[in-house]
Every structure is written in C-alpha cells, then in structure tokens.
Amino acid sequence: MPSHPLRVAVVCSSNQNRSMEAHNFLSKRGFDVRSFGTGTHVKLPGPAPDKPNVYDFRTTYEQMYSDLVRKDKELYTQNGILHMLERNKRIKSKPERFQNCKDRFDLVITCEERVYDQVLEDLSSREQETLQPVHVINVDIQDNHEEATLGAFLICELCQCIQHSDDMENEMDELIQEFEDKSNRPFLHTVCFY
Amino acid sequence: MTTSERVVELLNQAALKPSDEKLTVLKQVQELIINKDPSLLDNFLDEMIAFQTDKSIEVRKFVIGFIEEACKRDNELLLRLIANLNMLLKDESVNVVKKAILTLTQLYKVTLQCLVRSKTLSDMQEACWDLVTQMKGDVLSSLDSENDGIRTHAIKFTESLIITLSPRTSDSDTPKRQEGDISLDKVPKDHSYIRYDVLCEEGKSALDKLLKFMVHPAISSINLTTALGSLATIARQRPMFMSEVVQAYETLHANLPPTLAKSQVSSVRKNLKLHLVAVLKHPCSLEFQGQISTLLLDLGMPQSEITRFTPEGREQRKRPRHEQYTEGKKVKMEPIEDDEDKEEPAPNSAPKPSAPPVAQSAIDVTAEFLHPLLTPENVANLVLISMVYLPDVMPASFQATYTPVESAGKDAQIKHLARLMATQMTAAGIGPGLEQRKAREEDVGKEEDNDEDSVSKDRLIKRKLPPMGLGQAISVVGGYSDKVSSDAAPATKRLPEPIVPTAQTKLSAAGGRKKVFRLSDVVQPLSEAQIDQLTSKAVKRILHSEKAIAQSGMSHVRVKLLSRLVTQFEGMMKEEVLEFILADIRSRSELAFSLLYQEYNTYLSQLPTGLWFWRTM
C-alpha cells in the first residue's frame, strides 16, 4: 500500500462535464480529488453550435443554472445541461481554473490533448521549488454526457490501480500501457516538478 | 504552559499515538521549535531525530523534512544531522529514499554555502563536507538504480548539482527563488579544504553523466522527459552549456530510444517541443537558432510561432558574446548555420571571440563531408535503396508523427539532413569526423602525457545502437526509429543492456529494462548419454522402493509399471531388473511372472496379424 492517499486533480476545459463527472466518481470512492478547467472562460452549449453560453470562471453553478432557466428551460432540460449543473452544484459552488490554483497534487488527469498542453505549459512556467514530482496523464474523452461517464469510470479505475500499487512511480509505465490496451485509447504521460 | 512544556507534552503524545495522529503532533512540534521559538531547537533535536527509525514511512519522511528545515534555520546543525540524513538515504523504503534525495538537493547547496564562509574548517566541518561529497556520489550513481522513481529524483539532483558547481554569469536566467543560492563563482579559489578546480570538474563530470544517461537505449519515457527538462533549465541558467544541450536535443530527436511505445513517443516529442521553446527564448540561443528552429519545424511547429518565440536580434545585445567556458576542458563551438528562413538579417559577420581555434566536433566534420555529396541524384539513389528496407504498410505510429518536410531541397534542409545523417553515423561509429577525432586524440596524447584535457576534446554523445542488420528499417527524418526486425535479434544480444526485438516491443516498452522470458533460450536438449543415465536412475529408484511401496499396498502397481517399462523401451533396463529379481527370487516372483507375461505379450503383438486368430483361440 502506498504511504499516503493520492492527491488527484481532474482537468477539462470548462470544469463542467468531463472533469466534474470524474470528480463525482472519485470522491464517492474516497479519493482526495479536485477538479479544474483550463479555458479562459466557461462555455456551455447554446441554441446553436456557434452560439455558446459563455461565463467567467467566478460565476457559480447556481448563477449559470438560473441564467439558463431564464433563457430556455425546455432546451437546457432536454439536452441535460440543467441536470449537469445541478450535479455540479452539489459538489462545489463554482468552477475553478487550474492556472489559478497553487495547490499541489500527485496526479493530474486531463481529458483532452489541448487541455494537457495547457496544463503542461502552466506547470512548466512555475518556478521549481521543492522538486516534488507530479504525474500528468491525458485520457481522450469526447465532450458529451455518455463519453464523460465512460471516461470517468476509466479514470477511476486508473486511480484505484495507482493508489493500490506499492511503488507508484516505478509501476506507472506498465499500468498506463495496460490501460491503453484495455481501453483502446492513447494515453499521454509526463512528469513535472513543483 | 510555556512553549517548552507544550513541546514536551506533544512529544510524549507522539510516542504513544498511531501514525496518522503522530504525524499531526510532530508537525506541531516542528512549528513550535523551528518557527515560534528556535532556541528550543537544540534542546529537542535528539527527540525529534529519534523518530527516524519509526515504522511508518510518512513519519520517516517527516523526519527528513524536519532535518531540512532545521539545517536551513541553523546551519550549524548540519554537522550533527548530516549523518542521519545519510542513513535515511539508504532507507529500505523507496519513498523515503526519494525524499532524502530531494532534501540532499537543497542541503548540498546549504552546506557548501555555509562552509565557504570561513577560509579554514574545523575537523567536524571537514568531516561533514567529506560525507556530503560521498552522499553526492551515491546519489549520482543511483542514476543507474533499478527503480524508475529513484532515477527520476537522481536526475533532478544532478541538474541542481550542475548548476551549483558552475559559475553564474551575466547571461544566467536565474529564478527569483534561487537568487541567493550558492554557485561556483562564489567559491573562493584559495579555500583551505574545498578546492575550486575539483568542484568545477565535478560539475562538468555530472553533466557528462547526465548526457550519457540520456542516450541509454532503454531509458524510460519519464526519465527522458525529466532529463529533457533538466537540460533546458541548465541551458537557461548556465548558457555556457547551451551547445551541449542543443546537441543532446538534436541527437535525441534523431535517435529516440527504440523501447518507447507509440504514445510515449508522442509525450516525449511534446516535451521536447516545450523545452526547445524555453531554450529558444533565452537571448544566448542566438547562435543555435538555426538548429533549434529546424528541430521545432520537424516537431510540427509552424514557422510563425517559432519566430514569435525567437528573441530580438543582436542590436539589443550591448555586451559582447559571452566568453567560452574555457576553464578545465575546452568546449567546441557550434558553427553558426545560415538559415534562409530567418527574417532578420542577423549580422553573422560579428567578430568571433579571439580564442584559439576550437576543434569542431566529429558530427560537424561528418556533416560538412556529407553536405556536398547530397546531390539530387545521390539522394534519389539512397531513397531507392532504403525503400527495400521499409515495411509494406506505413505503420500507424509513423503516420501519426510524420510531418512533411518544409522547404525540401533548399540549402538549409540539405544541411539539416547532412547533420542528421552525421549524428547517426557518428553514433554508429563510422564517418570521417570520428576518424579525424581519433587521429587528433592520438596526436594530443603524444603531446600531453598526464594532462586530463587530452582524453576528449569533444563532448560527443554516442548511443549504443545495434549495427544496421539486413532488413532493418532506417529511421526517417521527423519520425522515430521503426521497429527492429527479428533479423537484428542476434546482433542485439551482444550489447550489455538487453534490447528486446519487435515481437515483444509492447512488453519492453512497459518495463524499459525488463527482458522477456523465453523457455527455448534457457533450455537445451539432453544428450543420449544423459537420457540413459537419467532413465537408469529412475528405474533403480523404483526397484529399490520395494519395501516402502509394499507398506502402502501398491505393489501390484509397481510390478505392472516396472514390467511394462522394461519391455516397452526395447528392453534397455532388462538386465538390471533380472539381476534384481534373481537376487531374491522367492519374494520377487510376482515381478518375474509379470515380466514374463509382458514379454510374451510383446512377442505376440509383433507377430504378423494372421496369427491373431491363433491367439484368440
């Protein structure tokens, strides 16, 4: 068993769908988990693909919920956005931006290559202090409800395997290869230092 | 209650509580005796350090952290605590060792800083420095550790060591947090115990070690990523090493380790891009801009972005180009490449430093040799010849990472190609550059007998690749080496580190240093004599087990078994069994009759089938 519980961060672009689904799963299974977004703004689907609802990261889920109810309750109920916001509200009050968080993690999981790049850029730009390593793993998850659920299962399983390994860093490579083969998705994996 | 009394109470609690709560209590104690009332630190030091033998890994890690904070608060404590840190560096738990390595990374600097303050050292201080130096050596050698995590931490230690043991210059891009850190320029050259030149050499040898480590053919992707980052940090903080760093990046780009899986290759390339940009942004990268830009183009970065990251041209630089790092060994200088894509007319005719002519590296010489030979006709022929070695179908991995060559046919691209080929040729041990270097080394060896400088003027980076066997795919610009075909398997067995052939690439990628077990490798067929010997021994054992088997009531089984064995295999054990029976015929009569019966059966079965009728009658 590892010496201390894994501190996990799950990151997607808007901290609404993929990262929150994984956050939900992981916290139910007892993990020390936080979730973030890396985008400049929070984007939720709007009436058309080119008309998203854009909010600042400081907006709470409650405020977004009220706003969407006011705009078109039926549409946003139908496409599951209101349900998603309700779930998010129960977990935390508002989305968080990874770049603004100075907490340290053992493992950061990103849901898309672009997000992975943004996380790496942010971590590399910070001045190294303690040289404590943090592993960053990318799992490609499409941004819809079904894929987010499947992705959350996968992330949860991965975290459980890592938590149960005797020597996380030594066994990480093998674990990731196994997961790649099992899930038939490519994983990206790197390490940064705090 | 005074702080002292509170500390006593907490320590007593810590001794009795289970690990989690113990940790909380100890953290409180640390807060009190280091931050709130440091005068108590000395009093309670021994009690805190006693926890270094605690069963819990977290508690032992805490003790390491405590040692670090205590030594930073009061440097004199180093003399007392360094031996404890040494013990923890050899702890049985990997996580404790890793924490100890990180602490040593910080405390090495603190120790050096503390000890160079006074010109002469006491005996205890000398002993402390000796121990720290020994610990430094231990961590450097753990670059060869079996454990991936320890190797990663050792790389970070090596990075910090190289920066500490080299002088900070005006071009150094030092992070704010490390402004106060010690570096070689702050070490007095006339110290009684700590030798400046020895430290300088140690710094360079650490860099050599790191570069050699990077070209290990079975390096794991995480170690590689860490090393790439370390090199970028070293280049930015110590621009005198920038040429080695850029060359290491070039070599790596052309020779990715064959053990990496496809996704690991993507991760490493992404990292390489990130760190190349970090190096490019540094003002001293000017002379290497051509090489770095070409690498970035190969990695898929558009020219517009490269230009965006490129710093301003020479008009901003008011001071002359930094002096070569000539202390100790001489360092080769990279010739500035003309890059047609450069937008600003950088005045390349600026006066080069008037240092003595520096030897060009083997790669440069070979590249220059190849450049005029790369005519369209020759290149076309090379492509035609190598197409024979290519697989029938483009592998998915190559397709994913392939970026079409920009400005194909232009002089810059031909130079780059010549350089890539030269890198690979030098790594494989052929080429005019290598021959020249050997000749130079011999000459220099004759001139300077005991001078260490003669060993190697070139920081040549070699990767121990297997020689190109028949049917082996050749690595292509922009991609990584294709899988080694199984024909090359016999060649790989000659290398000290096992490189697993294609069929098991997946497994080898996972383990990095693991070897796949094949029974046929370790097993050899037995000779006739060995078979006979083993058979005879087996039958004898059965014969001699008469009494034991009689007791268990299985004699009839034994009798049947023996008689069948003997009669079936051309009767090879017949004499022995007969001898055995005749030795005590009265009790072994059953065996005798059974043997006769089996023999008769065998005789009958060998008769022509027509006689079967008679048998059944």
Side-chain angles (χ1 to χ4, degrees), chain A residues 1-6 104 106-107 110 113-140 161-162 165-194, chain B residues 19-20 23 56-61 65 68 93-96 98-99 101-103 105-106 146-153 156-157 159-160 175-178 220-223 225-226 229-230 232-233 261-264 266-268 270-271 273-275 277-278 400 506-507 509-512 514:
Chain A
M1 280 295 284
S3 31
H4 73 263
L6 218 54
R104 292 178 184 178
D106 298 310
L107 182 64
T110 57
E113 197 169 328
R114 197 168 51 92
V115 174
Y116 175 83
D117 289 340
Q118 286 168 320
V119 164
L120 279 195
E121 209 183 302
D122 180 60
L123 288 172
S124 311
S125 66
R126 300 186 195 182
E127 266 185 35
Q128 291 185 6
E129 206 180 312
T130 59
L131 304 182
Q132 189 74 26
V134 52
H135 288 256
V136 185
I137 301 178
N138 181 65
V139 186
D140 279 325
C161 286
I162 293 174
S165 63
D166 290 323
D167 183 354
M168 167 182 111
E169 285 196 288
N170 209 30
E171 296 170 35
M172 189 78 97
D173 263 355
E174 240 181 273
L175 266 175
I176 291 180
Q177 291 300 305
E178 264 178 47
F179 270 81
E180 265 194 338
D181 295 335
K182 232 174 23 173
S183 64
N184 214 17
R185 288 172 208 241
F187 281 45
L188 293 171
H189 173 216
T190 190
V191 66
C192 293
F193 297 90
Y194 281 119
Chain B
S19 301
D20 294 342
L23 212 48
S56 153
I57 294 175
E58 285 304 303
V59 171
R60 300 205 298 275
K61 279 169 71 176
E68 185 178 332
S93 158
V94 156
N95 288 330
V96 173
K98 289 194 276 197
K99 175 89 182 157
I101 293 177
L102 291 188
T103 295
T105 309
Q106 306 294 336
E146 287 293 312
N147 187 289
D148 199 44
I150 290 189
R151 290 196 301 264
T152 305
H153 285 69
K156 293 308 283 181
F157 174 82
E159 169 197 322
S160 171
K176 287 194 186 63
R177 227 175 272 276
Q178 295 173 23
S220 73
S221 80
I222 287 300
N223 286 166
T225 304
T226 313
S230 294
T233 310
K262 175 180 141 199
S263 57
Q264 289 173 332
S266 308
S267 310
V268 168
K270 257 190 203 297
N271 259 282
K273 211 197 293 189
L274 192 69
H275 297 308
V277 168
K506 241 191 242 179
L507 288 165
K514 284 188 190 154

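When reading the values below, keep in mind they use all heavy atoms of this one structure, side chains included, and skip hydrogens, waters and symmetry mates. Quick note on labels: first sequence line is chain A, next is B, and so on, each numbered from 1.
For chain B, no part of Glu171(A) is nearby; none of its heavy atoms comes within less than 4.5 Å. Residue Asn138(A): no heavy atom, backbone or side chain, is found under 4.5 Å from chain B. For chain A, the nearby part of Thr105(B) is the side chain; its heavy atoms alone come within less than 4.5 Å. At a 4.5 Å heavy-atom cutoff, the contact between Leu274(B) and chain A is made by side-chain atoms alone. Interface remark: His153(B) contributes side-chain atoms only to the contact with chain A (heavy atom separation under 4.5 Å). At a 4.5 Å heavy-atom cutoff, the contact between Glu159(B) and chain A is made by side-chain atoms alone. For a residue to count as touching a neighbouring chain, one of its non-hydrogen atoms must lie under 4.5 Å from one of that chain's; by this rule Thr190(A) touches chain B with backbone and side chain alike.
Atom NZ of Lys99(B) sits about 6.0 Å away from atom CD of Gln132(A), to the nearest 0.5 Å. For the atom pair CG (Asp117(A)) and NZ (Lys273(B)), the distance works out to 7.5 Å, reported to the nearest 0.5 Å. The structure places CZ of Arg151(B) at 7.0 Å from CG of Asn170(A), a figure rounded to the nearest 0.5 Å. The CD atom of Gln264(B) sits 8.0 Å away from atom CD1 of Ile176(A), with the distance rounded to the nearest 0.5 Å. Expressed to the nearest 0.5 Å, how far OG1 of Thr225(B) lies from NE2 of His189(A) amounts to 8.0 Å. To the nearest 0.5 Å, atom CD of residue Gln128(A) and atom OG1 of residue Thr233(B) are 5.5 Å apart.
With contacts defined as side-chain heavy-atom distances shorter than 4.5 Å, the pair Asp167(A)/Lys98(B) qualifies. In this structure, the side chains of Thr130(A) and Leu102(B) stay at 4.5 Å or more apart for every pair of heavy atoms. Counting heavy atoms from C-beta outward, Ser230(B) and Phe193(A) have side chains that stay 4.5 Å or more apart.
When the candidates Asp148(B), Asn147(B), Asp20(B) are compared by the number of heavy-atom contacts under 4.5 Å with chain A, Asn147(B) comes out ahead.
A salt bridge does not link Glu127(A) to Lys176(B): none of the charged nitrogens lies less than 4.0 Å from a carboxylate oxygen.
Remark: Glu121(A) CD is loosely packed, at most 12 non-hydrogen atoms of other residues, nucleotides or ligands lying under 6.0 Å away.
Smallest separation of non-hydrogen atoms from Leu188(A) and Ser263(B): CD2-O, 3.9 Å.
No side-chain donor-acceptor contact under 3.5 Å links Glu169(A) and Thr152(B).
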